[in-house]
Amino acid sequence: MPELPEVETVVRDLRPLLTGRRLVAVRRASDLALRRPWDVAWAERVAGRTVTGVRRRGKWIILDLDDHCALVAHLGMTGQLTVVPAARELAGHTHLVFDLAPGDEQLRFRDSRRFGSVTWHEGPEALEALFRDAGLGPEPFELAPAVWRASLAGTDRAIKAVLLDQTVVAGVGNIYADEALYRARLHPARRARDLGRAEAERLRKAVAGVLQEAIDKRGSTIRNYVGGNGAAGDYQEEFRVYGRTGEACPRCGRPVERVRLAGRSTHYCPRCQPAG
DNA sequence: ATAGGCGCCTGCTGGC
DNA sequence: TGCCAGCAGGCGCCTA
């Protein structure tokens, strides 16, 4: 579910709630497996450590610890990472609970579909290895025009597929790919290598612009997503095409169309985003 | 070597 | 009302 703006919102929420606090104890709250396996050994290493920072890389959430190790969370489609009062009843699908000190609160990881994960990494090298193995590409706000153009030129795929490729640019998912293509007035099925220089630059800026606006609105909540403080996002109110199949394009009034592309639902305006 | 498809899970919605 | 297919903010593995 969560793409870069949602993950960024979680990170901004969690930063003041976690930084300087100790993870007194960690325990599993379910026996069900997450995408990446829980390792009992790291629970012992993490217990008693203080969180020194909270940051994001692509759609990954990083909790830096005072022993230079790190916890890394991925929210998958339905993951939630929130700080709540320890007395609050455990919500369904809660998988991990971290007791915090000082204060009577807990960091909890919920995930109904369990496509998400929480893992522990021993040192900065191990963390880098995780992102290197994933082939994680540049952050969209730091994507150099020449690098972007080279990525487009080097593939036969549709531009929509390229936007979803985390090795090309990190953090874009299905919603913001569609919204960025609409803003750039580009048909999602256009071959990436066929984009002109101006079109490529328009799209690069549209991606950054849409993501920034979504961050400003605390991301998009369609179903499950909440920030680190438990509050939903507001950017779903700003969608121009995503999830608006059959509704009027806000620019020209033509009905928004939906097709299957790169294995994902893809929404676009057939007039504003011409195929040719 | 690239690109597409499928599987992983659960929950919700819409059509019959 | 009930059932069931289809769909969902993602990724990783397999195959052609």
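No experiment lies behind these values; they were computed from the predicted model shown. Just so we're on the same page: letters track the sequence lines, and every chain starts at 1.
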Separation of [X] atom [atom1] from [N] atom [atom2], in whole Å?
X      : N      : atom1 : atom2 : result
A:R258 : C:dG6  : CZ    : P     : 12 Å
A:I175 : C:dA8  : CD1   : C1'   : 10 Å
A:R244 : C:dC7  : CZ    : C1'   : 19 Å
A:Q236 : C:dA8  : CD    : C1'   : 15 Å
A:L261 : B:dG4  : CG    : P     : 9 Å
A:M77  : C:dC7  : CE    : P     : 13 Å
A:Y176 : C:dG10 : OH    : P     : 10 Å
A:H267 : C:dA8  : NE2   : C1'   : 10 Å

Any side-chain donor near an acceptor of the partner, [X] and [Y], under 3.5 Å:
X      : Y      : value
A:E6   : A:Y176 : yes
A:T78  : A:D111 : yes
A:S265 : A:R258 : yes

>> Could you tell me how far C:dG6 sits from B:dC6 if I compare only their C1' atoms? Round to whole Å.
In response: 16 Å
> Roughly how far apart, to the nearest Å, are B:dC9 and C:dC3 at atom P?
Replying inline: 25 Å
Phosphate OP1/OP2 of [N] contacted by [X] side-chain N/O (<4.0 Å):
X      : N      : result
A:R260 : B:dG4  : no
A:H74  : C:dC11 : yes
A:S265 : C:dC7  : no
A:H93  : B:dG11 : yes

>> If we check side chain to side chain contact (heavy atoms under 4.5 Å, CB included) with A:H267, which of these qualifies: A:L261, A:T245, A:V259, A:L181?
In response: A:T245
>> Apply side-chain hydrogen bond (donor to acceptor under 3.5 Å, both in side chains) to residues A:Y268 and A:E257 and explain how you reach the verdict.
In response: CA-CA 6 Å; A:Y268 67 100; A:E257 292 190 6; 3.2 Å; yes
> Between A:E105 and A:R88, is there a salt bridge with N-O shorter than 4.0 Å?
Replying inline: no
>> Expected output is a numbered-order residue list: members of residues 112-122 of chain A with a heavy atom under 4.0 Å from any atom of DNA chain B. What is it?
In response: A:S112, A:R113, A:R114, A:F115
> Tell me, which of residues 156-174 of chain A have any heavy atom that sits under 4.0 Å from an atom in DNA chain B?
Replying inline: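 Within residues 156-174 of chain A, the residues near DNA chain B are A:D156, A:R157.
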>> I want to check something: taking the side chain as every heavy atom from C-beta on, are A:F115 and A:L75 in contact at a cut-off of under 4.5 Å?
In response: no
> Are any non-hydrogen side-chain atoms of A:D165 and A:R157 less than 4.5 angstrom apart?
Replying inline: yes
>> Rounded at 0.5 Å granularity, tell me how far CG in A:L96 sits from CZ in A:R108.
In response: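 Result: 12.0 Å between the selected atoms.
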> Can you tell me the Watson-Crick or wobble partner of B:dC9, both distances under 3.5 angstrom?
Replying inline: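 Here B:dC9 is not engaged in any pair, so there is no nucleotide opposite it.
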>> Taking atom types as they are modelled, would you say the side chain of A:R223 forms a donor-acceptor pair with the base of B:dC12 within the 3.5 Å cutoff?
In response: no
>> Going by salt bridge (Lys or Arg N to Asp or Glu O under 4.0 Å), A:E139 matches just one of A:R55, A:R57, A:K59. Which one?
In response: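 Result for salt bridge (Lys or Arg N to Asp or Glu O under 4.0 Å) with A:E139: A:R57.
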